[in-house]
Participant: 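Structure in C-alpha cells, see below.
In each ligand, atom 1 is the first atom listed, and ligand 1 is the first ligand listed. Nothing fancy with the numbering, it's 1 onward along the sequence.
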Amino acid sequence: MASTKGQVIKCKAAVAWEKGQPMTIEEIEVAPPKAREIRVKIIATGLCHTDVTGWKGVLIEGKFPCVLGHEASGVVESVGDGITSVKEGDHVLVSSMPQCHECFMCKSPNSNLCVKFLESLGANGTLADGTTRLSCKGKTIYHFISCSTFAQYAVLQDGFFTKIRKDAPMDKMCLLSCGVTTGYGGPVKVAKVTPGSTCAVFGLGAVGLGAVMGCKRQGAGRIFGIDINNDKKEVGKLFGVTDFVNPNEYQKPIDQVLMEKTQQVGCDYTFECIGNLGVIQSALNACRLGEGQCVVIGVPPSGSTIEVDPMQLLFSKVLTGCFFGGLEPSEVPALVDDYMNKKLMLDELITHTPPIEDITKAFDLLIQGKTLKTVLHF
Ligand code: APR
Ligand code: ZN
Ligand code: ZN
C-alpha cells in the first residue's frame with residue numbers, strides 16, 4: 001500500500017456535532033502529525049463512561065463538534081519529528097493518562113499523574129499547540145481529551161500512547177487502554193492488597209470486575225462483590241468474587257450488612273467502582289478501624305462533595321482514590337503480558353462488538369447498563 005506519510009488522510013469517523021445529540025458517520029480529514037506527535041490507524045475502540053460524560057458535557061466538558069473516544073488500540077501510521085519511542089508499524093494503546101517522564105509529577109514514584117494530563121483536560125478540545133488535526137466539511141473538529149478514537153485515524157501527542165507487543169490481539173487490548181486497567185490498578189498499585197485480606201468491590205461493571213481481578217491477583221482471601229443487578233452474580237464469580245451481595249435485598253444499609261458478614265471487623269480494603277456519592281460513604285464505613293483503606297475509582301458527577309466524619313480518619317482509616325488505577329502508561333505492557341499468559345481475563349468482558357455505524361445505539365445500551373464492554377470496529 002502506498003505510504004500516506006505527510007499527507008492528509010480522509011477516513012470514517014463518528015462525529016458528535018452537538019452535546020448529547022446522536023453522532024453521525026462522516027468522512028473526516030486527519031492532518032499529518034506535527035513534531036512530537038504520531039498518527040495511528042485505530043483498530044479497535046472501546047466505549048467508556050467518560051465518553052458518555054463528554055458527550056453529555058456533564059463531567060468533562062466536550063468542545064463540539066468533536067470526535068469522542070479514548071480507549072483504543074492501533075498501528076502507528078507515521079511519526080512526527082522528535083518521536084523516538086515508536087516507529088511506523090508499531091502497535092500502541094492510546095492513553096488519556098499521559099506520561100511525559102519530565103514533569104515533577106512524572107518524576108515522583110508515588111503518583112501516576114502528569115502535568116500534561118491537567119493541561120489536556122484544560123485544553124478545550126485542542127492539542128497542546130492550541131490547534132486540532134481534524135476537520136469535516138470545512139469545519140474544525142475538536143479532539144476529546146487529546147485522543148478522539150471514534151475515527152479510523154487519530155493524532156496523538158508524545159506521551160499519550162504506549163507501545164505494546166505485536167502478537168497481542170488488538171480487539172482485546174483496547175480494554176487495557178482505560179477501563180479494566182483503571183479497576184485492576186486500584187487493588188494492585190494503589191491499595192497493594194495483602195494476601196488473605198478481605199476486600200469489597202462496589203459495582204461490578206468492567207471497572208469493578210477489573211478491581212475484582214486485581215484483588216484476586218494479590219491473593220485476597222475474601223472478595224465481596226456488591227451490585228444492585230443480580231445478573232452480576234455469575235459474572236462476578238467468574239472473575240473472583242467469593243460473596244455476591246445485592247444491597248436491595250437487605251433492610252439495612254450495605255455497610256452494616258458487610259460489618260455483620262465480617263463479625264463487626266469490617267473490610268481491609270474497599271473499592272468504589274460506580275461513582276456514586278452514597279456508595280463512597282458506604283465503602284468508607286465498611287472499612288475496618290485502624291487500617292482499612294477505601295479507594296475511590298468510579299468518577300462522581302463533577303462539583304459533587306461527600307461528608308466525612310473525621311473520626312473515621314482519626315481511627316486511621318485511609319480514604320484515597322486514583323485515575324487509571326494509579327498506573328503509568330509504561331506499566332501497561334506488563335498487563336498485556338499477563339493477558340497473554342492467561343493471568344488476566346479480558347475476552348469475557350466483551351459483550352458487544354458493533355460496527356461504528358451503530359455507535360449511538362451502543363451509547364444507549366451503555367447508559368441503560370445493558371453492556372459490560374462494547375468494542376467498536378470500523
Ligand atoms: N450499589 C451497587 N451497585 C450499583 C449501584 C449501587 N448503588 N449503582 C450502580 N451499581 C452497579 C451497576 O448495576 C453496574 O453493574 O454498578 C455497576 C457499574 O458498572 P458500569 O455502569 O458498567 O460502569 P463501569 O464501566 O464499570 O464504570 C464504573 O468507573 O471509570 C468510572 O466513569 C466510570 O464512574 C464509572 C465507573
Ligand atoms: Zn475511560
Ligand atoms: Zn509528566
Participant: Who pairs with Asp268 by side chain to side chain contact (heavy atoms under 4.5 Å, CB included), at least two apart in sequence or on another chain?
Facilitator: Ser197, Thr198, Arg288

Participant: Which bit of Cys48 gets closer than 4.0 Å to ligand 1, counting heavy atoms only: side chain, backbone, both or neither?
Facilitator: neither

Participant: Could you tell me, atom by atom, which parts of ligand 1 come under 4.0 Å of a heavy atom of Gly298?
Facilitator: 29 (O), 31 (C), 34 (O), 36 (C)

Participant: Is there a side-chain contact between Tyr339 and Lys343 in this structure, where contact means two heavy atoms from C-beta onward sitting under 4.5 Å apart?
Facilitator: no

Participant: Going by an N to O cut-off under 4.0 Å, is there a salt bridge joining Lys370 and Asp364?
Facilitator: no

Participant: Can Gly369 be said to touch ligand 1, with heavy atoms closer than 4.0 Å?
Facilitator: no

Participant: Considering residues at least two apart in sequence or located in another chain, which fulfil the side chain to side chain contact (heavy atoms under 4.5 Å, CB included) criterion with Lys63?
Facilitator: Asn124, Tyr142

Participant: Please state the angle at the Zn ion (ligand 2) spanned by SG of Cys178 and SG of Cys48: what is it, rounded to 10 degrees?
Facilitator: 130°

Participant: Charged N to carboxylate O under 4.0 angstrom, Arg133 versus Glu37?
Facilitator: yes

Participant: Return the closest protein heavy atom for atom 30 (O) of ligand 1 as residue, atom name and distance.
Facilitator: Val207 CG2, 3.9 Å

Participant: So, 2.8 Å as the limit: is an N/O/S atom of His49 located closer than that to the Zn ion (ligand 2)?
Facilitator: no

Participant: With 2.8 Å as the limit, jot down which protein N, O or S atoms are around the Zn ion (ligand 3).
Facilitator: Cys100 SG, Cys103 SG, Cys106 SG, Cys114 SG

Participant: Closer than 4.0 angstrom: is that true for some heavy atom of Gly179 and an atom of ligand 1?
Facilitator: no

Participant: Please enumerate all residues that pass side chain to side chain contact (heavy atoms under 4.5 Å, CB included) together with Met259, with sequence neighbours excluded.
Facilitator: Gln264

Participant: Which is it for Val279 and ligand 1 at heavy atoms under 4.0 Å: side chain, backbone, both or neither?
Facilitator: side chain

Participant: Decide if atom CZ of Arg222 counts as having more than 12 heavy atoms of other residues, nucleotides or ligands within a radius under 6.0 Å.
Facilitator: yes

Participant: Compute the ring centroids of Phe323 and Phe117, then answer whether they are less than 6.0 Å apart.
Facilitator: yes

Participant: Under 4.0 Å from a heavy atom of Lys232: which atoms of ligand 1 are those, numbered in the order shown and with their elements?
Facilitator: 14 (C), 15 (O)

Participant: Any idea which atoms of ligand 1 are less than 4.0 Å away from a heavy-atom of Gly203?
Facilitator: 16 (O), 17 (C)

Participant: Is Arg36 salt-bridged to Asp158, cutoff N-O under 4.0 Å?
Facilitator: yes

Participant: Considering only the protein, which heavy-atom contact is closest to atom 8 (N) of ligand 1, and what is its distance?
Facilitator: Ile228 CD1, 3.6 Å

